[in-house]
Amino acid sequence: MVHMDRNGGRDSDIPAPPPQPGFGPPPAAYAPQQPHPAYAAPQPHPAYAAPQQQSYPGYGPPQPQYGAPQPPAGPDFLATDRRNAVVVDAAGVSFEANGATAEFAWHQIRTVHHKAGNHGYALMVAVVLPDGRFYECVVNARSRSKLQQWLAQLGPVLAMYLARSGR
């Protein structure tokens, strides 16, 4: 590369500096240095070190504290067909109808009604809210025996949760 002087002439005495990849290393004045000791990570004082775990023969790790029982992992009741579903669990009652979902927590529910419908092949479930509004879901069973199985399972599950919520 050839440089031009101020007068527009060529200055062939000054060679062009070689190109460097990227920005190159930082100038020496800005190069990283060792951090100041005042900013180093603090070391724990030996008097405040964590106590040593003592092991006693015959004893294992501490037992979990007793508390409120955890709700079961799955639903207590589930009835589904191709389009609709009814789920009853510790969280409440859920309906799914044609892709739309409605969930009702137990504290929101006044009562839940259920019955057989549609000539003995459908489970009809209705959730009644404290303000009188109600929501229904109908799930078609493949057989009357399946519907009878759902009715036998749903009654005790609803009775248990409604009793727990004071209804």
Side-chain angles (χ1 to χ4, degrees), residues 21-24 26 30 32 34-36 38-167:
F23 292 106
Y30 299 103
Q34 295 296 329
H36 191 275
Y39 299 113
Q43 299 296 324
H45 191 275
Y48 299 110
Q52 296 291 331
Q53 289 278 345
Q54 295 204 5
S55 62
Y56 299 101
Y59 294 94
Q63 296 298 320
Q65 295 293 323
Y66 295 105
Q70 297 296 323
D76 292 323
F77 176 79
L78 172 65
T80 63
D81 64 17
R82 291 183 302 151
R83 295 186 184 129
N84 304 331
V86 174
V87 177
V88 180
D89 59 14
V93 179
S94 299
F95 292 160
E96 183 170 334
N98 296 318
T101 302
E103 297 180 349
F104 307 96
W106 288 112
H107 71 275
Q108 299 172 321
I109 296 173
R110 179 191 296 169
T111 189
V112 180
H113 301 285
H114 65 284
K115 69 176 186 174
N118 195 16
H119 306 291
Y121 285 97
L123 173 66
M124 300 173 71
V125 180
V127 170
V128 182
L129 302 181
D131 63 3
R133 290 181 294 161
F134 65 94
Y135 297 86
E136 296 179 326
C137 186
V138 178
V139 180
N140 293 312
R142 290 181 182 228
S143 65
R144 288 184 178 164
S145 63
K146 185 65 171 179
L147 176 63
Q148 293 305 315
Q149 180 185 3
W150 284 346
L151 290 169
Q153 292 173 350
L154 182 57
V157 170
L158 287 175
M160 177 185 68
Y161 284 121
L162 290 171
R164 281 187 187 174
S165 64
R167 292 174 174 69

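Any value given below was found using the heavy atoms of this structure, including those in side chains, with hydrogens, waters and symmetry copies removed. We count residues from 1, following the sequence as given.
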In chain order, what residues pass the side chain to side chain contact (heavy atoms under 4.5 Å, CB included) check against Gln148, with sequence neighbours excluded?
-> Leu151
Nearest-0.5 Å distance that lies between atom CG in Asp76 and atom OH in Tyr161 = 3.5 Å
State the CG-CD distance between Leu78 and Gln153, to the nearest 0.5 angstrom.
-> 9.5 Å
Taken in chain and number order and not counting sequence neighbours, the residues that satisfy side chain to side chain contact (heavy atoms under 4.5 Å, CB included) with Arg144 are Tyr121
Under the side chain to side chain donor-acceptor pair (under 3.5 Å) rule, collect the residues that match up with Ser145, sequence neighbours excluded.
-> Ser143
Drop me the distance from His119's NE2 to Leu147's CG, to the nearest 0.5 angstrom.
-> 13.0 Å
Residues pairing under salt bridge (Lys or Arg N to Asp or Glu O under 4.0 Å) where one sits in residues 154-165, two or more places apart or in two chains, turn out to be none
Full working for side-chain contact (heavy atoms from CB on, under 4.5 Å) between Leu154 and Val86 | CA-CA 10 Å; Leu154 182 57; Val86 174; 5.5 Å; no
Would you mind listing every side-chain hydrogen bond (donor to acceptor under 3.5 Å, both in side chains) that reaches into residues 99-110, with sequence neighbours excluded?
-> none
Tell me the side-chain hydrogen bond (donor to acceptor under 3.5 Å, both in side chains) pairs involving residues 77-86, sequence neighbours left out?
-> none
Extract all donor-acceptor atom pairs below 3.5 Å that involve side chains of residues 127-141 and protein atoms in other chains or at least two apart in sequence.
| unit_1 | atom_1 | unit_2 | atom_2 | d |
| --- | --- | --- | --- | --- |
| Asp131 | OD1 | Arg133 | N | 3.1 |
| Asp131 | OD1 | Arg133 | NE | 3.3 |
| Asp131 | OD2 | Arg133 | NE | 2.8 |
| Asp131 | OD2 | Arg133 | NH2 | 3.1 |
| Arg133 | NH1 | Tyr135 | OH | 3.4 |

